Amino acid sequence: MTLTRYDAAMPSDLNGTQAVIDVAMRAAQPHQLEPGNFYTLVTPGGGVQKVDLTGPEHTGVPARKSGTTVVRDVDSFLAYFDKHGDFASEVYADVETRTITAVLDAHETEAPRWGGHRLELRLRPTSAWRAWTSMDGQLVSQGQFAEFVEDNLVDLVEPTAATMLELAESFEVTTSAEFQSSQRLESGARKFSYIEEQTGKAGHKGEITIPATLTLALRPFEGTEPYKVIARFRYRLDRQKGELRLGFKIERPEDTLAAAFEDIRTLVDDGIPEHIAVLNGAPSH
């Protein structure tokens, strides 16, 4: 007679224990596991296998909000904060880097949180501010100075744009003239005398008067209002060559930047919930 599997079992299995195990193993057929759960499975060899289906690659949902969003103006900062901030969010204003950072998932009073979801206002200088500060302290030829003035007339308050345009045109037509002397007027303006050589004729004499200062209306950062900026005229007259070089020096530009940043900080402080203070500093990383 041919022995079956159970007939050939060891005496310890004759009570049916092995049969029960085999039936249970056949009953434990693989089935679909649900995402978002953690499973512990017994393998056929008697081991234990852990299956973690809680990750975002299985659920399609991030475990938590994270990352840093960068905005360029106060309105965008407040709109994002209103959407994602809560009662425990923190806001920091860093004067040195001129950035304002919100830690949207900051630690609660009694419980820690990740602190990984952040919002940062990074202020960007306007093209006008970059243009004027790039020329700050330089002395250039009459032609270069005239071209710069013509390109940036819109930023001038005093003298008026029309007056400065006329002055720029004077610089352009006297580029070949020989400047001989300068005189400081009571108003602080400077008058320059020149001779313009003409072939076969006596030299044509003329004068150019430049103001002592320029008053500008400049927006230091995108999204800010214009600020009054004073720039003092500078010049260098080389009497041997008859050359006149012109430029300007902006008065304390750092003060203007600091004032603009403080005004932006105030706007943020006024726009977030009253119980959240804007802290002076930067959050820990």
Side-chain angles (χ1 to χ4, degrees), residues 68-82 91-102 118-169 171-172 210-235 245-272 278-282:
T68 299
T69 297
V70 177
V71 295
R72 298 297 184 183
D73 56 52
V74 173
D75 288 343
S76 299
F77 184 94
L78 295 177
Y80 193 93
F81 188 94
D82 287 344
V91 179
Y92 297 83
D94 191 337
V95 178
E96 293 184 0
T97 61
R98 297 193 178 95
T99 56
I100 297 180
T101 303
R118 303 190 176 199
L119 171 63
E120 187 172 309
L121 172 56
R122 295 181 190 172
L123 298 173
R124 187 160 50 190
T126 61
S127 58
W129 181 265
R130 291 196 301 268
W132 284 93
T133 54
S134 67
M135 283 283 288
D136 185 28
Q138 295 190 45
L139 291 174
V140 298
S141 67
Q142 293 171 238
Q144 286 178 282
F145 190 80
E147 182 178 353
F148 177 82
V149 170
E150 290 172 347
D151 290 342
N152 297 278
L153 287 173
V154 67
D155 304 317
L156 288 163
V157 176
E158 183 65 34
T160 64
T163 300
M164 285 303 297
L165 179 59
E166 182 179 351
L167 183 58
E169 291 172 346
F171 289 143
E172 288 176 332
I210 62 174
T213 61
L214 297 174
T215 301
L216 312 172
L218 295 178
R219 293 186 300 118
F221 305 113
E222 294 178 4
T224 62
E225 296 297 321
Y227 287 78
K228 179 181 178 180
V229 176
I230 302 298
R232 296 192 176 277
F233 256 113
R234 287 189 171 184
Y235 74 96
R245 300 184 71 82
L246 299 166
F248 56 85
K249 183 64 180 175
I250 297 176
E251 289 189 351
R252 304 177 70 90
E254 289 297 318
D255 288 356
T256 302
L257 292 173
F261 181 76
E262 181 59 27
D263 289 344
I264 289 171
R265 179 188 182 280
T266 300
L267 290 175
V268 170
D269 198 8
D270 292 342
I272 60 177
V278 178
L279 306 176
N280 183 15

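Predicted model only: the values in this text are computed from it and were never measured.
Closest of all the heavy-atom pairs between Leu257 and Pro220 is CD2-CB, 3.8 Å. Val278 and Ala93 make their closest contact through CG1-CB, 3.7 Å (heavy atoms, listed as atom of the first residue, atom of the second, distance). Nearest heavy atoms, Arg130 versus Pro125: NH1-O, 2.8 Å. Listed here is the closest heavy atom pair of Val157 and Leu216: CG2-C, 4.1 Å.
Contact annotation: the side chain of Val91 approaches that of Phe81 to within less than 4.5 Å [non-hydrogen atoms, C-beta and beyond]. Looking at heavy atoms from C-beta onward, Val95 lies in side-chain contact with Phe261 at the 4.5 angstrom threshold. Between Leu167 and Val149 the shortest side-chain heavy-atom distance does not fall below 4.5 Å. Annotation: side chain of Arg122 is not in contact with side chain of Val71 (no heavy-atom distance under 4.5 Å). Trp129 has its side chain out of reach of Phe221: every pair of non-hydrogen atoms, C-beta onward, lies at least 4.5 Å apart. Contact check for Thr69 versus Tyr80: side-chain heavy atoms found under the 4.5 Å cut-off.
Side chain to side chain, Gln144 and Ser141 meet the donor-acceptor criterion of an N or O pair below 3.5 Å. A donor-acceptor contact closer than 3.5 angstrom links the side chains of Asp73 and Ser76. Side chains of Tyr227 and Asp263: a donor-acceptor N/O pair is present below 3.5 angstrom, by distance only.
Using a 4.0 Å cut-off between charged side-chain N and carboxylate O, Arg72 and Glu222 make no salt bridge. Salt bridge absent: Glu225 and Arg219 never bring a charged side-chain N and a carboxylate O closer than 4.0 Å. Residues Glu254 and Arg98 are paired through a salt bridge, judged by an N-O separation under 4.0 Å between the basic side chain and the carboxylate.
Under a 3.5 Å cut-off, the side chain of Arg118 and the backbone N or O of Ala102 do not form any donor-acceptor pair. For Thr163 (side chain) and Pro159 (main-chain N/O), no donor-acceptor pair under 3.5 Å exists by modelled atom type. A side-chain donor-acceptor contact under 3.5 Å links Asp136 to the backbone of Ile250. With Glu166 contributing its side chain and Ala162 its backbone, the two residues share no donor-acceptor pair below 3.5 Å.
Of the inter-residue distances, the one linking Thr99 atom OG1 with Leu121 atom CG reads 8.0 Å to the nearest 0.5 angstrom. Note that CG of Asp155 is 12.5 Å distant from OG1 of Thr215, once rounded to the nearest 0.5 Å. Between the OG1 atom in Thr101 and the OH atom in Tyr92 there is a gap of 10.0 Å [rounded to 0.5 Å]. Rounding to the nearest 0.5 Å places CD of Gln142 at 6.0 Å from CG of Leu246. Atom CD1 of Ile100 sits about 6.5 Å away from atom CD1 of Ile264, to the nearest 0.5 Å. Taking CG of Leu119 as the start and CG of Leu78 as the end, the distance is 9.0 Å to the nearest 0.5 Å.
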Residues Leu214, Leu156; criterion side chain to side chain contact (heavy atoms under 4.5 Å, CB included); working and verdict: CA-CA 7 Å; Leu214 297 174; Leu156 288 163; 4.2 Å; yes
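Between Phe148 and Phe145, the ring planes are tilted. Angles from 30° to 60° get that label.
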